[in-house]
A.B. asks: 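Quick one: the structure is below, and I'll ask about it shortly.
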Amino acid sequence: QDPYLSQVFILGTKRGSDELLSGSVLSSPNSNMSSMVVTANGNDSKKFKGEDKMDGAPSRVLHIRKLPGEVTETEVIALGLPFGKVTNILMLKGKNQAFLELATEEAAVTMVNYYSAVTPHLRNQPIYIQYSNHKELKTDNTLNQSRAQAVLQAVTAVQTANTPLSGTAVSESAVTPAQSPVLRIIIDNMYYPVTLDVLHQIFTKFGAVLKIITFTKNNQFQALLQYGDPVNAQQAKLALDGQNIYNACCTLRIDFSKLVNLNVKYNNDKSRDYTRPDLPSGDGQPALDPAIAAAFAKETSLLGIPFQEPRGAQPQVLQPWCLKLGLPVAAVPGALSPLAIPNAAAAAAAAAAGRVGMPGVSAGGNTVLLVSNLNEEMVTPQSLFTLFGVYGDVQRVKILYNKKDSALIQMADGHQSQLAMNHLNGQKMYGKIIRVTLSKHQTVQLPREGLDDQGLTKDFGNSPLHRFKKPGSKNFQNIFPPSATLHLSNIPPSVAEEDLRTLFANTGGTVKAFKFFQRDHKMALLQMATVEEAIQALIDLHNYNLGENHHLRVSFSKSTI
């Protein structure tokens with residue numbers, strides 16, 4: 001006899017039909033049966049009425065079926081957290097079922113309505129949720145239910161009083177009370193860049209995010225994120241720890257920080273205080289647009305708000321905290337496919353705020369850019385490859401034969417084309433302000449064999465100079481707008497500061513400052529007089545042969561000297 005089925009659970013209800021079918025032992029005051037003992041082995045041969053439907057009268061108690069055998073109490077509770085407070089849980093592991101009680105019927109209705117349109121999955125297996133006939137769930141705290149109740153009590157303690165549990169043994173996999181509203185976030189397997197704004201989009205679904213600070217430590221991208229309430233931090237950790245931001249990469253590792261308050265000095269692409277839109281940008285970073293800053297300052301929790309699928313979204317499995325973001329969930333458990341800003345207005349707002357573009361933002365994922373107002377006397381496919389290669393792997397470049405002040409540039413993917421457009425549109429190259437937009441073309445055509453196009457078209461697909469070809473490369477973490485300060489690397493020991501100053505001055509600009517890295521003289525910062533001069537120097541000297549088989553690597557820096 002399954003130990004999970006040998007317990008007595010009392011439910012103050014109308015009738016016990018759905019729970020009786022579940023194979024538990026029930027007593028209902030309104031039922032003709034005072035008790036019923038079922039010794040099923042977990043392979044229930046009976047069919048539920050409307051098995052794949054979520055029918056029945058609304059109730060704050062929900063009946064969850066077809067659970068994977070290894071599913072945990074924490075995972076079941078997490079199904080309900082985005083919709084409201086979870087007040088009770090009954091696990092019937094021998095029957096692969098559970099009952100989840102929410103604080104209000106309204107929250108339960110929201111949850112059922114959502115999952116009636118989107119089939120929920122746990123551990124890559126579809127599960128089914130419907131209203132229970134019972135209006136209240138009362139469970140004893142003996143034997144195998146003690147673990148489930150310990151998990152629930154931990155969540156309840158955090159939700160209500162934010163105080164530690166006394167005399168309750170919580171297993172390692174159970175949640176523990178949060179003492180801080182600040183989360184420490186580490187991104188593992190970082191194949192794509194993760195920006196401050198991506199983190200804000202994800203974590204704001206669990207409450208108002210007040211502050212974020214991002215940094216790199218031990219070669220890992222990390223962040224500190226502060227909520228207004230420790231309860232929100234607890235809910236976010238419970239739902240998001242171990243999730244992937246993109247398919248099979250960028251895994252979130254979340255813990256509570258020892259800090260209880262973050263001190264943010266600047267609002268830029270590395271740190272932001274959403275309660276203080278007046279803060280300076282600092283370090284030459286672009287200031288946050290006032291309208292966007294005001295919108296961020298008014299951000300409030302979305303918990304309990306009915307969810308609606310974004311307009312134009314394709315039918316797909318979605319998790320509740322991802323829905324407002326348009327984050328489709330892949331078949332792999334816990335894996336989210338690339339983030340997408342669901343409409344053009346949001347994309348424009350992102351661009352206005354100076355944010356890094358994300359996969360899916362560009363129209364149709366177009367990889368081809370149209371660059372116009374070029375200095376046709378100076379520009380070459382190689383110079384465009386070098387400059388645009390800062391933001392992605394350039395595949396092909398074509399300077400237009402009949403309009404040599406314009407060129408088509410094909411990037412490796414739509415994310416990279418968006419990055420390049422956001423950062424290079426309006427910059428000055430060879431004395432002219434260039435314009436960068438998405439092209440209507442899907443690919444850059446190479447000239448027909450035997451046709452001389454005067455060197456205006458070049459295929460860089462197999463170039464060894466691509467910066468982002470290696471998965472998880474540190475280059476993903478060091479993508480910055482054009483700046484007067486350049487980051488130099490791969491410098492041989494024999495090359496001195498004066499050698500580099502002279503080399504960069506020969507590009508036609510003025511070197512204002514120079515500094516070797518204290519711990520690693522293979523790297524240095526060099527500051528030109530203007531951003532235009534820095535762009536010119538990068539084009540001329542990236543991959544420059546310094547001797548001893550060392551080719552100089554040049555990129556833009558967010559720092560100043």
A.B. asks: Between Q410 and V444 (side chain of the first, backbone of the second, donor and acceptor by atom type, cut-off under 3.5 Å), is there such a pair?
C.D. replies: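 Flag set: sc Q410 to bb V444 pair under 3.5 Å.
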A.B. asks: Do V390 and H423 have side chains that get closer than 4.5 Å, going by heavy atoms?
C.D. replies: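 No, every pair of side-chain atoms sits at 4.5 Å or beyond.
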A.B. asks: Filter on ring pair (Phe, Tyr, Trp, His ring centres under 6.0 Å), then keep only pairs touching residues 489-514, sequence neighbours left out; what's left?
C.D. replies: F514-F516
A.B. asks: Determine all donor-acceptor pairs shorter than 3.5 Å in which one atom belongs to a side chain in residues 518-531; sequence neighbours excluded.
C.D. replies:
residue: D520; atom: OD1; partner: K522; partner atom: N; Å: 3.0
residue: Q527; atom: OE1; partner: I561; partner atom: N; Å: 3.4
residue: T530; atom: OG1; partner: E533; partner atom: N; Å: 3.1

A.B. asks: Just verifying a value: how many Å separate L419 CG and D413 CG, rounded to the nearest 0.5 Å?
C.D. replies: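 Here the rounded value is 8.5 Å.
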A.B. asks: Can you name the nearest heavy-atom pair linking H441 to N366, along with the distance?
C.D. replies: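 Heavy atoms of H441 and N366 come nearest at O-OD1, 3.2 Å.
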A.B. asks: What's the verdict on side-chain contact (heavy atoms from CB on, under 4.5 Å) for L500 and I491, showing C-alpha distance, side-chain angles and the deciding distance?
C.D. replies: CA-CA 9 Å; L500 291 168; I491 303 168; 3.9 Å; yes
A.B. asks: Listed by chain and number, what are the side-chain contact (heavy atoms from CB on, under 4.5 Å) partners of K237, not counting sequence neighbours?
C.D. replies: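 Listed in chain order: L183, D241, I254, D255, F256.
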A.B. asks: Hey, could you give me the CD/CG distance between Q382 and L465, rounded to the nearest 0.5 Å?
C.D. replies: 7.0 Å
A.B. asks: List for me each residue that meets side-chain contact (heavy atoms from CB on, under 4.5 Å) alongside T437, sequence neighbours excluded, and say none if there are none.
C.D. replies: L370
A.B. asks: Hey, are the side chains of V397 and L408 touching, using non-hydrogen atoms and a 4.5 Å cut-off?
C.D. replies: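 SC-SC contact between V397 and L408 ruled out.
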A.B. asks: Between atom OG1 of T204 and atom CG of L199, what is the distance when rounded to the nearest 0.5 Å?
C.D. replies: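 Nearest 0.5 Å value for the OG1-CG distance: 11.5 Å.
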A.B. asks: Is the shortest side-chain heavy-atom distance between F221 and F215 below 4.5 Å?
C.D. replies: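 Answer no - side chains too far apart.
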A.B. asks: Sequence neighbours excluded, which residues qualify as side-chain contact (heavy atoms from CB on, under 4.5 Å) partners of I186?
C.D. replies: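 So I186 forms a side-chain contact (heavy atoms from CB on, under 4.5 Å) with R184, D188, Q220, Q222, R253.
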A.B. asks: Which atom names give the shortest non-hydrogen contact between T457 and Q445, and what distance separates them?
C.D. replies: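 Heavy-atom minimum between the residues: CG2-O, 4.1 Å.
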A.B. asks: First locate atom CG of L546, then atom CG of N490, and finally report the distance between them rounded to the nearest 0.5 Å.
C.D. replies: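 With rounding to 0.5 Å, CG (L546) is 8.0 Å from CG (N490).
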A.B. asks: Restricting to side-chain hydrogen bond (donor to acceptor under 3.5 Å, both in side chains), what partner residues turn up for R396, sequence neighbours left out?
C.D. replies: none
A.B. asks: Taking atom NZ of K469 as the centre, report whether more than 12 heavy atoms of other residues, nucleotides or ligands fall under 6.0 Å from it.
C.D. replies: yes
A.B. asks: What's the verdict on side-chain contact (heavy atoms from CB on, under 4.5 Å) for S383 and M378, showing C-alpha distance, side-chain angles and the deciding distance?
C.D. replies: CA-CA 9 Å; S383 64; M378 300 291 293; over 6 Å; no
A.B. asks: Got a donor-acceptor contact below 3.5 angstrom from the N232 side chain to the G207 backbone?
C.D. replies: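 It does not hold such a pair.
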A.B. asks: Are side-chain heavy atoms of Q454 and Y401 found at a separation under 4.5 Å?
C.D. replies: yes
A.B. asks: Any side-chain donor-acceptor pair under 3.5 Å between K211 and N263?
C.D. replies: no
A.B. asks: Taking side chain as C-beta onward, heavy atoms only, is L541 less than 4.5 Å from L503?
C.D. replies: yes
A.B. asks: Could you tell me whether N549 atom CG has more than 12 heavy atoms of other residues or ligands within 6.0 Å of it?
C.D. replies: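 Atom CG in N549 is not packed in, count stays at 12 or less.
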A.B. asks: Do the non-hydrogen side-chain atoms of I409 and V368 ever get within less than 4.5 Å of each other?
C.D. replies: no
A.B. asks: For Q416 and D393, test the side chains for any donor-to-acceptor distance below 3.5 angstrom and give the result as yes or no.
C.D. replies: no
A.B. asks: Per the ring pair (Phe, Tyr, Trp, His ring centres under 6.0 Å) rule, what does the pair list look like for residues 526-561, sequence neighbours excluded?
C.D. replies: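 Sorted pair list comes back empty.
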A.B. asks: Where do S271 and I213 land on the side-chain contact (heavy atoms from CB on, under 4.5 Å) test, with the steps shown first?
C.D. replies: CA-CA 4 Å; S271 64; I213 297 173; 4.2 Å; yes
A.B. asks: Could you tell me which non-hydrogen atom of G431 sits nearest to which non-hydrogen atom of E532, and how far apart they are?
C.D. replies: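 So the minimum-distance heavy-atom pair works out to N-OE2, 3.0 Å.
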A.B. asks: Partners of R501 by side-chain hydrogen bond (donor to acceptor under 3.5 Å, both in side chains), sequence neighbours excluded?
C.D. replies: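 Testing R501 for side-chain hydrogen bond (donor to acceptor under 3.5 Å, both in side chains), a comparison that skips the adjacent residues, returns E497.
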A.B. asks: So, for V394 and G389, which heavy atoms are closest and what is the spacing to 0.1 Å?
C.D. replies: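 The pair with the smallest heavy-atom distance is CG2-N, 3.8 Å.
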A.B. asks: Closer than 3.5 angstrom, by distance alone: can the side chain of T502 be matched with the main-chain N or O of E498 as a donor-acceptor pair?
C.D. replies: yes
A.B. asks: Looking only at heavy atoms, what is the nearest atom pair of T507 and A537, with distance?
C.D. replies: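 Shortest heavy-atom contact: OG1-CB, 3.9 Å.
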A.B. asks: State, yes or no, whether a side-chain contact exists between T380 and F385 at a heavy-atom distance under 4.5 Å.
C.D. replies: no
A.B. asks: Rounded to the nearest 0.5 Å, what separation is found between the CZ atom of R272 and the CG atom of L225?
C.D. replies: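 Here the interatomic distance stands at 12.0 Å.
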A.B. asks: Hey, can you pull the donor-acceptor pairs under 3.5 Å for the side chains in residues 480-489, sequence neighbours left out?
C.D. replies:
residue: S483; atom: OG; partner: T485; partner atom: O; Å: 3.0
residue: S483; atom: OG; partner: S557; partner atom: O; Å: 2.6
residue: T485; atom: OG1; partner: S559; partner atom: O; Å: 3.1

A.B. asks: Are E548 and P493 close enough that some pair of their side-chain heavy atoms sits under 4.5 Å apart?
C.D. replies: yes
A.B. asks: Flag the pair K265 and D273 as a salt bridge only when some basic side-chain nitrogen lies within less than 4.0 angstrom of an acidic carboxylate oxygen.
C.D. replies: no
A.B. asks: Going by side-chain hydrogen bond (donor to acceptor under 3.5 Å, both in side chains), name the residues that satisfy it together with D540, two or more places apart in sequence or in a different chain.
C.D. replies: Q536
A.B. asks: Under a 3.5 Å threshold, yes or no: a donor from one side chain and an acceptor from the other, between R276 and N267?
C.D. replies: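 No donor-acceptor contact under 3.5 Å links the two side chains.
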A.B. asks: Could you pull out all residues at least two apart from K432 that satisfy side-chain contact (heavy atoms from CB on, under 4.5 Å)?
C.D. replies: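 side-chain contact (heavy atoms from CB on, under 4.5 Å) list for K432, sorted by chain: N373, N375.
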A.B. asks: Evaluate the side-chain contact (heavy atoms from CB on, under 4.5 Å) criterion for residues F206 and L240: first the C-alpha distance (whole Å), next the side-chain angles of each, then the deciding distance (0.1 Å), finally the verdict.
C.D. replies: CA-CA 10 Å; F206 297 90; L240 295 176; 3.6 Å; yes
A.B. asks: Closest heavy-atom contact between F203 and I185?
C.D. replies: CZ-CD1, 3.6 Å
A.B. asks: Taking only residues two or more places apart in sequence or in another chain, which ones pass side-chain hydrogen bond (donor to acceptor under 3.5 Å, both in side chains) with N402?
C.D. replies: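 So N402 forms no side-chain hydrogen bond (donor to acceptor under 3.5 Å, both in side chains) with any residue.
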A.B. asks: Between N244 and T251, is any side-chain donor less than 3.5 angstrom from a side-chain acceptor?
C.D. replies: yes
A.B. asks: Closer than 3.5 angstrom, by distance alone: can the side chain of S180 be matched with the main-chain N or O of L259 as a donor-acceptor pair?
C.D. replies: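 Indeed, once roles are kept as given, a pair shorter than 3.5 Å links the two residues.
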A.B. asks: Could you state the interatomic distance from CD1 (I434) to CD (Q427), rounded to the nearest 0.5 Å?
C.D. replies: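 One finds 7.5 Å between CD1 of I434 and CD of Q427.
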